[in-house]
Structures are given as C-alpha cells and as structure tokens.
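All residue numbers in this chain count up from 1 along the given sequence.
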Amino acid sequence: METFNEAISTDQLVLVDFFATWCQPCKMMHPVLEETKHMLGDRIRIIKVDIDKHPDRASAYRVQSVPTLMLFRNGELLWRQSGVLSRADLMATLDPFLK
C-alpha cells in the first residue's frame, strides 16, 4: 500500500484535501473536487485525508481548520489554502501549476 509521503513525492500534481466527515464546508468541497478531477483527468491526483482518522498527518502539516487544500509535486508544498473554493477559483489557482 502506498504511503502518504510516496503519494505526494511523484512528479504528478497532487491535491490533498484535509477534511472531516462532520464538517459542512468539507461536504461542499466534495463536488468541486470531483468536477476538478473530471476536468483535469490524469493531470492531477486528488487525495482526501480525514483529520479524525489521521490526526498525526494533520498535525504534521499544521492543519488547524477544515477543509484545507494543499498542492504538492515531488514532495514539495506548492500551495495551501483553508476554506471552500468554487470550481472556477480552484481551477484558476491550479492553472499555473499545470503548465
């Protein structure tokens, strides 16, 4: 089974969604992430990390609110933001990293 560090250490863009099942804004992000994945296909990988099941991972990345999105490539954190984003805002944020 692939570890989190292995997943974010590839040369593919990896968008990590730190979320909680009880979080209403996180539930609002779910369809945005699905649409984004549908639009970008293999150009991006999206990983969801439940902070209640993986508190060590959330702590390691200093996640203090959910949802928190982080973008990685080759293990390097390229971008992070907390809160809900529209699909258009997320796509605009990702666009420079896709080139």
Side-chain angles (χ1 to χ4, degrees):
M1 177 178 243
E2 181 182 45
T3 68
F4 179 82
N5 287 338
E6 290 170 344
I8 65 169
S9 294
T10 67
D11 62 357
Q12 181 181 28
L13 275 179
V14 180
L15 181 63
V16 180
D17 173 27
F18 287 90
F19 76 102
T21 56
W22 47 263
C23 166
Q24 197 60 39
C26 298
K27 293 176 184 177
M28 294 169 55
M29 273 308 300
H30 183 75
V32 171
L33 294 171
E34 284 190 338
E35 292 170 18
T36 301
K37 176 61 179 168
H38 179 74
M39 291 178 69
L40 296 177
D42 291 339
R43 296 173 68 196
I44 195 165
R45 179 174 182 188
I46 298 176
I47 298 174
K48 297 180 74 63
V49 176
D50 185 334
I51 64 163
D52 293 324
K53 291 182 180 176
H54 303 283
D56 55 330
R57 185 68 49 216
S59 177
Y61 286 93
R62 297 184 180 103
V63 174
Q64 297 180 344
S65 64
V66 286
T68 293
L69 300 175
M70 295 185 194
L71 188 65
F72 293 89
R73 179 183 281 140
N74 297 319
E76 179 184 353
L77 177 61
L78 304 173
W79 168 85
R80 80 179 275 161
Q81 182 169 326
S82 296
V84 176
L85 290 172
S86 69
R87 184 180 52 80
D89 287 342
L90 181 56
M91 291 296 291
T93 299
L94 296 175
D95 187 57
F97 299 105
L98 292 166
K99 297 182 182 240

Lys/Arg N to Asp/Glu carboxylate O, Glu34 vs Lys48, below 4.0 Å
no

Between Phe19 and Trp79, is there a shared hydrophobic cluster once you connect ILVMFWY residues whose side-chain heavy atoms come closer than 4.5 Å?
no

For Tyr61 together with Phe72, are the ring centres under 6.0 Å from each other?
yes

If every non-hydrogen atom of Asp42 is compared with every non-hydrogen atom of Gln12, which pair is closest and at what distance?
O-NE2, 2.8 Å

So if I apply the side chain to side chain contact (heavy atoms under 4.5 Å, CB included) rule between Met70 and each of Leu15, Val63, Leu78, which one comes out positive?
Val63

State plainly whether one hydrophobic cluster holds both Leu90 and Phe18, where clusters connect Ile, Leu, Val, Met, Phe, Trp and Tyr through side-chain heavy atoms under 4.5 angstrom apart.
no

What's the shortest heavy-atom distance between Ala20 and Ile51, and which atoms?
CB-CG1, 4.1 Å

Could you check whether any side-chain heavy atom of Arg87 comes within less than 4.5 Å of a side-chain heavy atom of Thr36, counting everything from C-beta outward?
yes

Between Cys23 and Pro67, is any pair of side-chain heavy atoms under 4.5 Å apart?
yes

Does any part of the side chain of Val16, heavy atoms only, come nearer than 4.5 Å to the side chain of Leu69, both counted from C-beta?
no

Minimum heavy-atom separation for Asp11 to Asn74, with atom names?
CA-OD1, 3.2 Å

What distance separates Arg62 CZ from Arg80 CZ, expressed to the nearest 0.5 Å?
8.5 Å

Set out, in order, the CA-CA distance, both residues' side-chain angles and the distance that settles side-chain contact (heavy atoms from CB on, under 4.5 Å) for Val32 and Leu85, then state yes or no.
CA-CA 8 Å; Val32 171; Leu85 290 172; 5.5 Å; no

Find the distance between CZ (Arg57) and CG (Asp50) and round it off to the nearest 0.5 Å.
13.5 Å

Path from Val49 to Val66 over hydrophobic side-chain contacts below 4.5 Å
yes

Hey, any chance Met39 and Val84 share a hydrophobic cluster, counting ILVMFWY side chains that come within less than 4.5 Å of each other, even indirectly?
yes

Starting at CD1 of Ile8, measure out to CG of Leu77 and round the result to the nearest 0.5 Å.
8.5 Å

Residues Glu2 and Ala7: closest non-hydrogen pair is OE2-CA, 3.5 Å

In short, Arg73 meets Phe97 closest at the heavy-atom pair NH2-O, 2.9 Å

Are Gln24 and Lys27 packed together at the side-chain level, in the sense that at least one heavy-atom pair is separated by less than 4.5 angstrom?
yes

Please test Leu94 against Leu13 for side-chain contact (heavy atoms from CB on, under 4.5 Å), starting from the C-alpha separation and ending with a verdict.
CA-CA 9 Å; Leu94 296 175; Leu13 275 179; 5.5 Å; no

Can you name the nearest heavy-atom pair linking Leu33 to Ile46, along with the distance?
O-CD1, 3.4 Å

Do Leu71 and Met29 sit in one hydrophobic cluster, given that two such residues count as connected whenever their side-chain heavy atoms are within less than 4.5 Å of each other, even indirectly?
yes

